[in-house]
Amino acid sequence: MSCVAPSAPSRAEILSLFRSLLRTAQKFSDYNIREYAKRRAIDGFRLNRDVSDPSMASWAYSEGKSQLEVAKRQAVVYSLYAPKVKSVMDVKSR
């Protein structure tokens, strides 16, 4: 059995994952959860910005993909039990 080193994800794959995480964050109906998901995605990518080791980059990318799947499932669950009243932060001022 040979041990093949994982290839680092391309820049396009990383940016696609980042955009997907931000899009999924926008699907949460609650302002606080939506902002938390967005902030967590941005912070996670900032934390791993300087990763140059291909195996570490591959691990961070796979961790991001698993977090995306969790966020997608949670967005569906939260949409089923969304509050009837909008948050003060969601109400548009005139």
Side-chain angles (χ1 to χ4, degrees):
M1 185 190 307
S2 66
C3 181
V4 178
S7 62
S10 69
R11 179 175 171 81
E13 289 174 321
I14 293 169
L15 291 174
S16 175
L17 175 62
F18 182 67
R19 285 190 302 268
S20 295
L21 283 163
L22 292 179
R23 266 189 236 111
T24 302
Q26 291 302 316
K27 292 180 182 177
F28 286 100
S29 58
D30 184 74
Y31 171 81
N32 292 320
I33 297 168
R34 186 171 54 244
E35 291 300 311
Y36 171 76
K38 186 171 84 172
R39 188 174 60 247
R40 178 144 179 198
I42 292 169
D43 290 347
F45 275 80
R46 280 188 184 144
L47 180 68
N48 293 310
R49 176 186 296 173
D50 298 325
V51 172
S52 59
D53 179 32
S55 63
M56 190 65 183
S58 180
W59 175 84
Y61 181 75
S62 64
E63 185 66 23
K65 291 289 272 188
S66 67
Q67 290 298 318
L68 175 61
E69 294 306 314
V70 169
K72 284 180 178 180
R73 287 193 305 268
Q74 285 303 113
V76 170
V77 170
Y78 275 89
S79 71
L80 295 173
Y81 301 103
K84 304 293 183 221
V85 178
K86 287 193 172 243
S87 169
V88 172
M89 299 302 289
D90 287 332
V91 177
K92 304 275 188 216
S93 61
R94 294 181 188 206

Nearest 0.5 Å please: distance from the CD atom of Gln67 over to the CD atom of Glu69. 10.5 Å
Residues two or more places apart in sequence or in another chain: which of them pass side-chain contact (heavy atoms from CB on, under 4.5 Å) with Ser52? none
Here the pair of heavy atoms bringing Ala25 nearest to Ala37 is CB-CB, 3.7 Å
Return yes if some donor-acceptor pair links the side-chain N/O of Thr24 with the main-chain N/O of Ser20 below 3.5 Å, else return no. yes
I need the Phe45 CZ to Leu15 CG distance, nearest 0.5 Å. 8.0 Å
Ile14 with Val51, same ILVMFWY side-chain cluster at under 4.5 Å: no
Tell me whether Leu22 shares a hydrophobic cluster with Leu68, the cluster being built from Ile, Leu, Val, Met, Phe, Trp, Tyr side chains joined at under 4.5 Å. yes
Please report the interatomic distance OH(Tyr61) to OG(Ser16), rounded to the nearest 0.5 Å. 6.5 Å
Nearest-0.5 Å distance that lies between atom CZ in Arg23 and atom NZ in Lys38: 14.5 Å
Cluster partners of Ile33, using ILVMFWY side-chain heavy atoms under 4.5 angstrom, listed by chain and number? Phe28, Tyr78
Check Ala57 against Ala8 and note the closest heavy-atom contact, atom names and distance. CB-CB, 4.3 Å
Could you walk me through whether Lys27 and Lys72 pass the side-chain contact (heavy atoms from CB on, under 4.5 Å) check? CA-CA 9 Å; Lys27 292 180 182 177; Lys72 284 180 178 180; 5.8 Å; no
Roughly how far, to the nearest 0.5 Å, is the CD atom of Glu63 from the CE atom of Met56? 10.0 Å
Among all residues two or more places apart in sequence or in another chain, which pass the side-chain hydrogen bond (donor to acceptor under 3.5 Å, both in side chains) test with Asp43? none
Answer yes if Leu17 and Trp59 sit in the same cluster of Ile, Leu, Val, Met, Phe, Trp and Tyr residues linked by side chain heavy atoms under 4.5 Å apart, and no otherwise. no
Examine distances only and state if a side-chain atom of Ser79 and a backbone atom of Val76 form a donor-acceptor pair shorter than 3.5 Å. yes
